[in-house]
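Working notes, structure below.
Keep in mind it's a predicted model, so treat the numbers as computed, not measured. All values below were derived from every heavy atom in this structure, side-chain atoms included, with hydrogens, water molecules and symmetry-related copies excluded.
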Amino acid sequence: MTATLLAEILAAARQCVGVPFRHQGRSLETGIDCAGVALHVAAAIGWRPIDHEGYGRTPANGQLEAMLEAQPCLERIANIEDRQTGDLLLIRFAGEPQHLAVLAGENIIHAYASIGRCVEHRMDLAWARRIVRVYRFVGVIT
C-alpha cells in the first residue's frame, strides 16, 4: 500500500469522527451512518462510489453485501485474517451483516448508532469476532 493512499484513507475516515449518527446520513455537517463513512472515504480518495438509498436500519436479504460487491472501488479480500489498515470491514451483530468500519491500525472508525456519532476506538476481540468480510480499496497494494 502506498503511504500516501493509506494516509488519505485514514484522514478521510477520521474527518467523520465526532459527526452525529444519522441513518442514511451522507453529510459531515448533518450526520452520517456507517455506509456514509465508507462512501465519504471512497469519494475522498478519488472514487465515485455507488450509493444505495432506502435501506432499513438493519439491512436484510444480503442488501449490504450486494452494495459492497457492486462498488467499483472495492475488492473483496478472501481471508479476513489478511485485513490491513485502511480496509473496510463488514460486521455482524446478529443475523445478517449490517455494519461497516474502517480499520485504522488496532482501532476501528465507524458511525455507531448506539453511541450516537462516528467514533474511533480499539478493536478488541469481541469486535474482531464480528468481522465477516473484508474489502480493500482498489489501488491499495498489499
Pairs under 3.5 angstrom only: tabulate donor-acceptor contacts from the side chains of residues 27-43 to other protein residues two or more places apart or in another chain.
{"from": "Ser27", "atom 1": "OG", "to": "Glu29", "atom 2": "N", "distance (Å)": "3.0"}
{"from": "Ser27", "atom 1": "OG", "to": "Glu29", "atom 2": "OE1", "distance (Å)": "3.1"}
{"from": "Ser27", "atom 1": "OG", "to": "Thr30", "atom 2": "N", "distance (Å)": "3.2"}
{"from": "Ser27", "atom 1": "OG", "to": "Thr30", "atom 2": "OG1", "distance (Å)": "3.4"}
{"from": "Asp33", "atom 1": "OD1", "to": "Arg26", "atom 2": "NH1", "distance (Å)": "2.9"}
{"from": "Asp33", "atom 1": "OD1", "to": "Ala35", "atom 2": "N", "distance (Å)": "3.2"}
{"from": "Asp33", "atom 1": "OD1", "to": "Gly36", "atom 2": "N", "distance (Å)": "2.8"}
{"from": "Asp33", "atom 1": "OD1", "to": "Tyr55", "atom 2": "OH", "distance (Å)": "3.3"}
{"from": "Asp33", "atom 1": "OD2", "to": "Gln24", "atom 2": "N", "distance (Å)": "2.8"}
{"from": "Asp33", "atom 1": "OD2", "to": "Tyr55", "atom 2": "OH", "distance (Å)": "2.4"}
{"from": "His40", "atom 1": "NE2", "to": "Ala12", "atom 2": "O", "distance (Å)": "3.4"}
{"from": "His40", "atom 1": "NE2", "to": "Gln15", "atom 2": "OE1", "distance (Å)": "2.7"}

About how many Å separate [atom2] of [Y] and [atom1] of [X], when rounded to the nearest 0.5 Å?
X	Y	atom1	atom2	answer
Arg117	His110	CZ	NE2	10.5 Å
Glu65	Met67	CD	CE	10.0 Å
His121	Tyr112	NE2	OH	6.5 Å
Asn79	Asp82	CG	CG	4.5 Å
Arg133	Ile77	CZ	CD1	12.5 Å

Following the transitive rule for hydrophobic clusters with a side-chain heavy-atom cut-off under 4.5 Å over Ile, Leu, Val, Met, Phe, Trp and Tyr, establish whether Leu88 and Val19 coincide in one cluster. yes

State yes or no: do Val119 and Phe93 share one hydrophobic cluster built from I, L, V, M, F, W and Y residues joined by side-chain heavy-atom distances below 4.5 Å, directly or via other members? yes

Residues in salt bridge (Lys or Arg N to Asp or Glu O under 4.0 Å) with [X], at least two apart?
X	value
Glu8	none
Arg22	none
Glu69	Arg76
Arg14	Glu120

Electrostatic pair Glu106:Arg122 at N-O distance under 4.0 angstrom: yes

Over all heavy atoms of both residues, which pair between [X] and [Y] is shortest? Give the atoms and the distance, please.
X	Y	answer
Thr85	Leu10	CG2-CD1, 3.7 Å
Met123	Leu89	SD-CD1, 4.1 Å
Ile91	Ala101	CD1-CB, 3.9 Å
Cys118	Ile109	SG-CG2, 4.0 Å

So do Leu103 and Ile108 actually touch side chain to side chain, heavy atoms under 4.5 Å? yes

Taking it one step at a time, do Glu96 and Gln63 satisfy side chain to side chain contact (heavy atoms under 4.5 Å, CB included)? CA-CA 9 Å; Glu96 291 190 37; Gln63 197 173 19; over 6 Å; no

Of Val134, Leu68, Asp87, Val138, which is the lone residue that meets side chain to side chain contact (heavy atoms under 4.5 Å, CB included) with Leu74? Leu68

Take the angle between the ring planes of Trp127 and His99 and call it parallel below 30°, perpendicular above 60°, tilted in between. tilted

Using the side chain to side chain contact (heavy atoms under 4.5 Å, CB included) criterion, which residues pair with Arg129? Sequence neighbours excluded. Leu125

